[in-house]
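The structure under discussion appears below in the form of structure tokens.
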Amino acid sequence: MLIIRLNTSELQASNFPEIMYPLLFTSCLLLLPLLLIFFRFPTGLSRRRRRRSYKLPPGPKPLPIVGNLLNLSRLPHISLLHLSKQYGPLMYLKLGQIPTIIASSKETAFEILKTQDLIFCTRPETIVFSKFSYGGLDMAFSPFNDHWKQLRKFFIADVFNPRKIQSFRRIREEEVGILMNTITRISSSRKLINFTDMALCLFNNIIYREVFGKRLSADGECGASPHHDMIMMAVSFMGGFTVSDFFPSFWWADFLTGSRMKLQRCFRMMDELYEKEIEERWVSIERLGRSPPQDILDVLLLCLVQKNPLLGFLLSRNEVKALLLDMFFGGTVTTALTTVWGMTELMRNKEAMKKAQDEVRQVVGNKGKVEEDDLKQLHYLKMVIKETLRLHPAAPLLGARECMKDTKINGYDIPAKTRVMVNISCMSRDPELWPDDAEIFKPERFENSSVDYKGNHIEFIPFGSGRRICPGFALGLAGVEIGLANVLYRFDWTLPEGMEGKDIDMREHFGIGVTKKTPLMLMANPVKFEGRI
Ligand code: HEM
Ligand SMILES: *[C@@H]1O[C@H](CO)[C@@H](O)[C@H](O)[C@H]1NC(C)=O
């Protein structure tokens, strides 16, 4: 049975348990002798732990070799939620060879993200991350060091600042307009809209334009392109795991399973795409001279030749490429999946849908489209998005962190180098923290509430908190808001024949973000506005 499941093409997008199959397979066949050696000469980490006895947080008993990997399902955040009911708000698990603690309550999360942020704000090194970040040269996967601090300061000031975000307004409005045309065209032939596909396409094009100043899809379309597929493949890599992520001393297994080769191929394709865009831009700068930075590529390329005061050093070409990758990994799937979950919840909750549509139609009137200036009046829509982020956070385990030095939480020892996860699914559906039907989609709960997502209300941190909080949240939300607002304004939406809200498949898929497992398929019915042609 193990061998039947051994399918290397599954590996890159696979979740925890699948990691086991190739590993067990290879270790059974080839590696008994090596396993013996491995047990005789434990890795540095376990040797150190043996010397000093730590009082570790409670957790399920690990098995030899695989540790607690079998305690996790395809939806690790859900498995960890169940485990936390048994073992408490701070657990210790061994994921393969990786010692890991999981915080599952407001108090333990606060301890990690706020009180002891300085000890927990580095990222672990994994094969996939270090490949795509050109060895940690980016921001998202970089370890905590001065280089990261300066990059982050520079990015927040020059890329994610409100003025820059505002300057991309045209891009978002135009792309949403193109999407509206595509939906109108599909709906006129009474075909179903693949909403999942539309959302991915919208945000891929928006980010591509914000970064490179041009669209990804063919003109006038919101359809796929070869680049779109390639970016999606690279993105799916980030959500997968390779054997060596959990079994660093089995690094060679990645070669046996072929995942190292696939990773290399995917990385090379992305690298070539970026090289091409950078080269093209250089040529046009040489020909036309340098104008004030327009898109993110301009901002970054300027730092190749001119020392940015916030950075204090010149960027290298690899750093530029690593940062460009962050934009795609951080900005496309997260925003698209938030939009899809938002729409899904509205399709299940007729009253919320009606309220949201009434609001936007009343605010915008007969204008024919929602523009960004209208958004500040759409209070209910903003609550819908908040409620979506509460129930469907894109990254329920946030970004992986690593403990930098020995410390204590709740009286338990946390040894240096321990992997750290914060499971926000535990807090965001906790009836104690959300007294008003925590499991139910109720945007009204945010009415007259001061809870926001800026990292200060630990019960609601879809963007993380502390030093590693998502720097792109305002940029991302700007797209989600304008996208959803227009979708609700321009069309009435129905489910496929014979389907009701309660029939919608709500299953999740855990990859780079937690997406809806099956695509959201809807009928769109364009709304006629009086006085408009
Ligand atoms: C709805 C949209 C988004 C959600 C839900 C989201 C969520 C997150 C989360 C949970 C983290 C990890 C925080 C931690 O580890 O504590 C993160 C980090 C990050 N996000 Fe976002 N994000 C979104 C949009 C964006 C956008 C649009 C961009 C950029 C174009 C972006 C760029 C980044 C980067 C660079 C990091 C790494 C920061 C660091 O490690 O210093 N994100 N995001
Ligand atoms: C819908 O779009 C998604 C994302 O592009 C794709 O994976 C899926 O196969 C599509 N499904 C249908 C039924 O068109």
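First listed ligand is number 1; within each ligand, the first listed atom is number 1. Just so we're clear, the structure is a prediction, and the values are computed from it rather than from any experiment.
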Go through the steps to decide whether Glu359 and Tyr489 satisfy the test side chain to side chain donor-acceptor pair (under 3.5 Å), and finish with yes or no. CA-CA 9 Å; Glu359 178 187 70; Tyr489 174 70; over 6 Å; no

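- Among residue pairs with one or both ends in residues 324-337, none qualify as salt bridge (charged side-chain N to carboxylate O under 4.0 Å, His left out); sequence neighbours excluded.
- Residue contacts with ligand 1 include Phe160, since one or more of its heavy atoms lies under 4.0 Å from the ligand.
- Counted by atom type alone, Ser316 and Glu319 present one or more donor-acceptor pairs between their side chains at under 3.5 Å.
- Within the 4.0 Å heavy-atom shell around ligand 1 one finds Leu398.
- Residue Glu277 qualifies as enclosed at atom CD: its count of foreign heavy atoms under 6.0 Å is above 12.
- Of all the atoms in ligand 1, the ones that sit under 4.0 Å from a non-hydrogen atom of Gly476 are 27 (C).
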Under 3.5 Å, N/O to N/O: give me all the pairs between ligand 2 and the protein, one per line with atom names and distance.
unit_1: ligand 2; atom_1: 2 (O); unit_2: Asn194; atom_2: OD1; d: 3.2
unit_1: ligand 2; atom_1: 2 (O); unit_2: Asn194; atom_2: ND2; d: 2.4
unit_1: ligand 2; atom_1: 5 (O); unit_2: Asp197; atom_2: OD1; d: 2.6
unit_1: ligand 2; atom_1: 11 (N); unit_2: Asn194; atom_2: ND2; d: 2.9
unit_1: ligand 2; atom_1: 14 (O); unit_2: Asn194; atom_2: ND2; d: 3.0

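- By the criterion of a heavy-atom distance under 4.0 Å, neither the backbone nor the side chain of Arg467 is placed next to ligand 1.
- Relative ring orientation between Phe328 and Tyr208 is described as tilted, the plane-to-plane angle lying within the 30° to 60° band.
- Contacts of Pro462 with ligand 1, taken as heavy-atom pairs under 4.0 Å, involve the backbone alone.
- Residue-ligand proximity, Met327 to ligand 1, at heavy-atom distances under 4.0 Å covers atoms 30 (C).
- When heavy-atom distances to ligand 1 are checked against a 4.0 Å cut-off, Phe155 has no atom that comes that close, whether in backbone or side chain.
- Ligand 1 does not have Phe473 within reach: every non-hydrogen atom of the residue lies 4.0 Å or more from it.
- Residue contact check for ligand 1: Arg123 places a non-hydrogen atom closer than 4.0 Å to it.
- For Phe141, no heavy-atom contact with ligand 1 is shorter than 4.0 Å.
- Atoms of ligand 1 lying under 4.0 Å from at least one heavy atom of Thr338, given by number and element, are 1 (C).
- Using a 4.0 angstrom heavy-atom cutoff, Arg401 counts as in contact with ligand 1.
- One finds a salt bridge joining Glu372 and Arg172 here, because a Lys/Arg side-chain nitrogen approaches an Asp/Glu carboxylate oxygen to under 4.0 Å.
- Distances from atom 21 (Fe) of ligand 1 to the heavy atoms of Gly331, Gly466, Ala394, Cys470 show the closest one on Cys470.
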